[in-house]
Amino acid sequence: MEISELERMARQVRLRDLRAVYEAGAGHIGGEMSVIDVLTALYFRVLRIWPDQPKNPERDRFVLSKGHTACALYVTLAKRGFIPEEEISTFLKPHSRLNGHPNCNKVPGVETNTGPLGHGLPVAVGMAKAAKLSGAGYHTYVVTGDGEMQEGSNWEAIMAAAQFGLDNLTLIIDHNRFQQGAALADTNDIAPLRPKLEAFAWEVTEIDGNNMGEVVPALEHRGGRPHCIVAHTNKGHGISFMQDRVDWHHKVPNKEQYEIAVKELSEAL
Amino acid sequence: MNAPVNSPKLYDCRDAFAATLERLAAEDETIVAVCNDSVGSSKLGGFKEKFPDRLINVGIAEQNMVGVGAGLANGGRLPYVCGAAPFLTGRSLEQIKADIAYSNANVKLVGISSGMAYGELGPTHHSIEDFAWMRVLPNLPVIAPCDRIETAAAVEWAASYSGPCFLRLSRVGVPDLLPEGHKFELGKANLLRQGSDVTLIANGTLTHRMMKAAEILAERGINARVLNLATVRPIDEAAIIAAANETGAIVTAEEHSVFGGLGSAVAEVVVDHAPVPMKRLGVPGIFAPTGSAEFLLDEFGMAPSAIADAAEALIKRKQA
């Protein structure tokens with residue numbers, strides 16, 4: 001998919017995500033809007049995947065470590081053909097496969113269960129190491145939140161990835177500068193992230209994570225070391241009144257706000 | 001079947017674990033060992049020598065170790081994730097819950113030097129909570145072999161079992177109890193001694209103490225049944241219910257806290273299906289004082305003679 005098509009798809013994912021959160025009355029819309037460009041670029045351009053063969057051993061692996069933004073992943077998986085798009089309307093409903101955090105044993109395309117933060121990167125290191133052992137050609141991608149990088153387990157995994165020489169691993173940090181309760185800077189300010197990752201012998205690229213023209217080449221980059229993309233994003237991206245507002249971490253829009261948001265996202269289509 | 005109880009030779013079950021894993025790995029190239037710097041204490045030196053690329057040492061980082069195990073399984077490898085039981089289970093409990101059990105990752109967790117094997121090193125290094133922490137998790141069989149034969153059988157069984165499990169191994173020497181060639185069956189108790197007056201149930205390092213206690217009871221005219229219950233989850237309900245109905249009293253003993261372990265698991269079955277008097281022996285809900293595992297087991301009332309006394313007292317309650 002070309003950049004302009006990816007941009008259009010990202011808008012559609014945002015619209016469907018917004019509706020799902022509005023109808024379910026719950027979700028993590030701010031962090032979903034910030035990460036959707038990365039998800040769209042991965043699923044519609046970068047990942048070698050086969051929706052009809054979700055367990056194909058050669059598939060690229062993707063782990064959404066910030067599992068609380070599951071709804072954005074569900075919408076992306078549906079648009080890509082892993083699950084029926086009409087199933088999105090069951091999000092958070094009793095017995096739906098689509099609960100608040102992704103389940104790999106229920107939802108095709110999900111690789112490992114996430115939700116508690118700091119879990120996805122160690123698992124992704126194991127996936128990339130497995131490819132090194134077996135000679136498989138797949139690449140492993142993992143998305144964490146920036147607040148999530150406060151979890152110590154991530155730094156254990158970062159050290160291991162460098163030690164193991166995992167040039168088949170890409171970490172994308174969704175650096176939207178806000179965590180649940182406050183700004184990153186007012187909580188435990190681990191920014192700037194680049195020097196920290198570089199100190200651990202990773203290659204680091206910084207991009208505007210809501211600019212598809214920067215997202216795609218960064219994801220497609222291959223080097224000789226584990227690669228970290230620090231994706232500078234906006235929480236609530238695409239919806240004016242949500243952007244960079246901490247209260248939209250998991251707030252749900254009312255009817256009037258929903259209609260404004262739909263209008264804003266639709267205008268660009 | 002009365003198994004031999006006075007075998008003088010004691011074996012470190014880690015040797016059986018290591019030898020079996022090396023044999024399996026020679027046949028199956030997907031088998032990898034993952035460890036946290038603990039190559040020596042997990043007895044993985046031979047594995048490292050034979051399969052250097054397949055020994056994945058993440059350093060002193062247990063949370064990452066368990067997550068890496070889950071990822072290796074996703075990538076088609078068959079990982080045995082090995083570490084000292086207190087750190088493997090305690091430090092990475094959430095990874096075991098989310099990445100292994102909930103994700104149903106085909107990872108074999110091997111807790112080394114469990115119980116109070118690190119006796120004198122103190123309660124930080126004791127793993128007397130792991131039955132409770134592990135057996136509450138869905139999808140995760142919890143297994144504590146009683147001797148080197150059952151250890152080898154369980155390690156081999158784990159490779160063929162499609163799903164995660166937790167193997168709880170000790171380093172404290174134990175005699176042979178099960179016959180050579182014994183096959184491990186998940187969730188099946190082994191009847192080591194038939195009896196009708198009381199049933200003694202244990203696993204791991206306590207099974208042979210139970211056998212000695214049964215000998216002492218026999219001298220006192222009491223016929224004790226002995227069940228080796230390696231699988232704490234899924235538990236052998238039928239064997240426990242039969243023991244309750246046929247012997248009317250059950251004593252459990254474990255190298256674990258009396259809260260939430262083997263005794264608790266047996267009691268859950270007993271109260272639901274066949275209430276009879278029970279006595280649960282174990283670490284009585286305290287941080288243990290200084291001493292070796294053997295000393296501490298005696299200290300906490302699990303010397304064979306003390307077990308026999310507890311059984312005799314329990315039988316009196318049955319008759320009251």
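Order of the sequence lines fixes the chain letters, A, B, ..., with proteins taken first and strands second; residue numbering starts at 1 for each chain. Atom set for the values below is all heavy atoms of this structure, side chains included, hydrogens, waters and symmetry mates excluded.
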A.B. asks: Is the number of heavy atoms from other residues, nucleotides or ligands under 6.0 Å of A/Lys132 NZ greater than 12?
C.D. replies: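 Buried by this count: over 12 neighbours within 6.0 Å.
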A.B. asks: If I compare all heavy atoms of B/Gln95 with all of A/Gly118, which pair ends up nearest, and what's the gap?
C.D. replies: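 Of all heavy-atom pairs spanning B/Gln95 and A/Gly118, the closest is NE2-O, 4.4 Å.
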A.B. asks: Just wondering, more than 12 heavy atoms not from B/Glu29 lying within 6.0 Å of its CD?
C.D. replies: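 Counting neighbours around CD of B/Glu29, 12 or fewer heavy atoms of other residues, nucleotides or ligands fall under 6.0 Å, so no.
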A.B. asks: Does a donor on one side chain sit under 3.5 Å from an acceptor on the other, for B/Glu94 and A/His119?
C.D. replies: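 Per modelled atom types, B/Glu94 and A/His119 side chains form a pair under 3.5 Å.
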A.B. asks: So for atom CD, which belongs to B/Glu49, do other residues, nucleotides or ligands contribute more than 12 heavy atoms lying within a distance under 6.0 Å?
C.D. replies: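 Incorrect, the count does not exceed 12.
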A.B. asks: For the CD atom on A/Gln163, are there more than 12 heavy atoms of other groups (residues, nucleotides or ligands in this structure) within a distance under 6.0 Å?
C.D. replies: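 For A/Gln163, atom CD is not crowded (no more than 12 foreign heavy atoms under 6.0 Å).
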A.B. asks: Could you pull out the closest heavy-atom pair between B/Ala98 and A/Pro116, with the gap in Å?
C.D. replies: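 Looking at all heavy atoms of both residues, the closest pair is CB-CG, 4.0 Å.
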A.B. asks: Kindly check if the number of other-residue, nucleotide or ligand heavy atoms within 6.0 Å of NZ (A/Lys79) is above 12?
C.D. replies: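 Correct, the count exceeds 12.
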A.B. asks: Once you round to the nearest 0.5 Å, how far does SG of A/Cys104 lie from CG of B/Asn104?
C.D. replies: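 Separation between the atoms: 8.0 Å.
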A.B. asks: Rounded to the nearest 0.5 Å, how far apart are CZ of B/Arg77 and CE of A/Met127?
C.D. replies: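 Here the rounded value is 14.0 Å.
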A.B. asks: Just wondering, do B/Asn64 and A/Ser153 contact through their side chains at under 4.5 Å, heavy atoms?
C.D. replies: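 Not touching, per the 4.5 Å side-chain cut-off.
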A.B. asks: Kindly check if the number of other-residue, nucleotide or ligand heavy atoms within 6.0 Å of CD (A/Glu58) is above 12?
C.D. replies: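 For A/Glu58, atom CD is crowded (more than 12 foreign heavy atoms under 6.0 Å).
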A.B. asks: For A/Lys196, is the NZ atom crowded, meaning more than 12 foreign heavy atoms sit under 6.0 Å from it?
C.D. replies: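 Yes, enclosed.
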A.B. asks: Side chains of A/Leu133 and B/Ile56: closer than 4.5 Å at any heavy-atom pair?
C.D. replies: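 When only atoms from C-beta onward are counted, B/Ile56 and A/Leu133 do touch, with a gap below 4.5 Å.
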A.B. asks: Report the C-alpha separation of B/Val58 and A/Glu156 in whole Å, then their side-chain angles, then the decisive distance to 0.1 Å, and conclude whether the side-chain contact (heavy atoms from CB on, under 4.5 Å) test is met.
C.D. replies: CA-CA 8 Å; B/Val58 301; A/Glu156 294 182 2; over 6 Å; no
A.B. asks: Using a cut-off of 6.0 Å, state whether more than 12 heavy atoms not belonging to B/Arg91 lie near its atom CZ.
C.D. replies: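 Atom CZ in B/Arg91 is not crowded, with 12 or fewer foreign heavy atoms closer than 6.0 Å.
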A.B. asks: Can you check whether B/Tyr102 reaches A/Asn105 side chain to side chain, under 4.5 Å on heavy atoms?
C.D. replies: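 Not touching, per the 4.5 Å side-chain cut-off.
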A.B. asks: Counting only heavy atoms closer than 4.5 Å, note whether A/Glu111 contacts chain B via side chain, backbone, both or neither.
C.D. replies: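 For A/Glu111, the contact with chain B is made by backbone and side chain together.
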A.B. asks: Counting only non-hydrogen atoms closer than 4.5 Å, does A/Ala157 touch chain B with its backbone (N, CA, C, O), its side chain (CB onward), both, or neither?
C.D. replies: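 Both backbone and side chain.
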A.B. asks: With only heavy atoms counted, which part of B/Val34 is less than 4.5 Å from chain A, the side chain, the backbone, both or neither?
C.D. replies: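 It is neither, since no heavy atom gets under 4.5 Å.
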A.B. asks: Measure the spacing between OG1 of A/Thr112 and CD1 of B/Ile100 and express it to the nearest 0.5 Å.
C.D. replies: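 A/Thr112 OG1 to B/Ile100 CD1: 8.0 Å, rounded to 0.5 Å.
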A.B. asks: Has B/Ser103 got a side-chain atom pairing as donor or acceptor with A/Asn113's backbone, closer than 3.5 angstrom?
C.D. replies: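 Yes: the side chain of B/Ser103 pairs with the backbone of A/Asn113.
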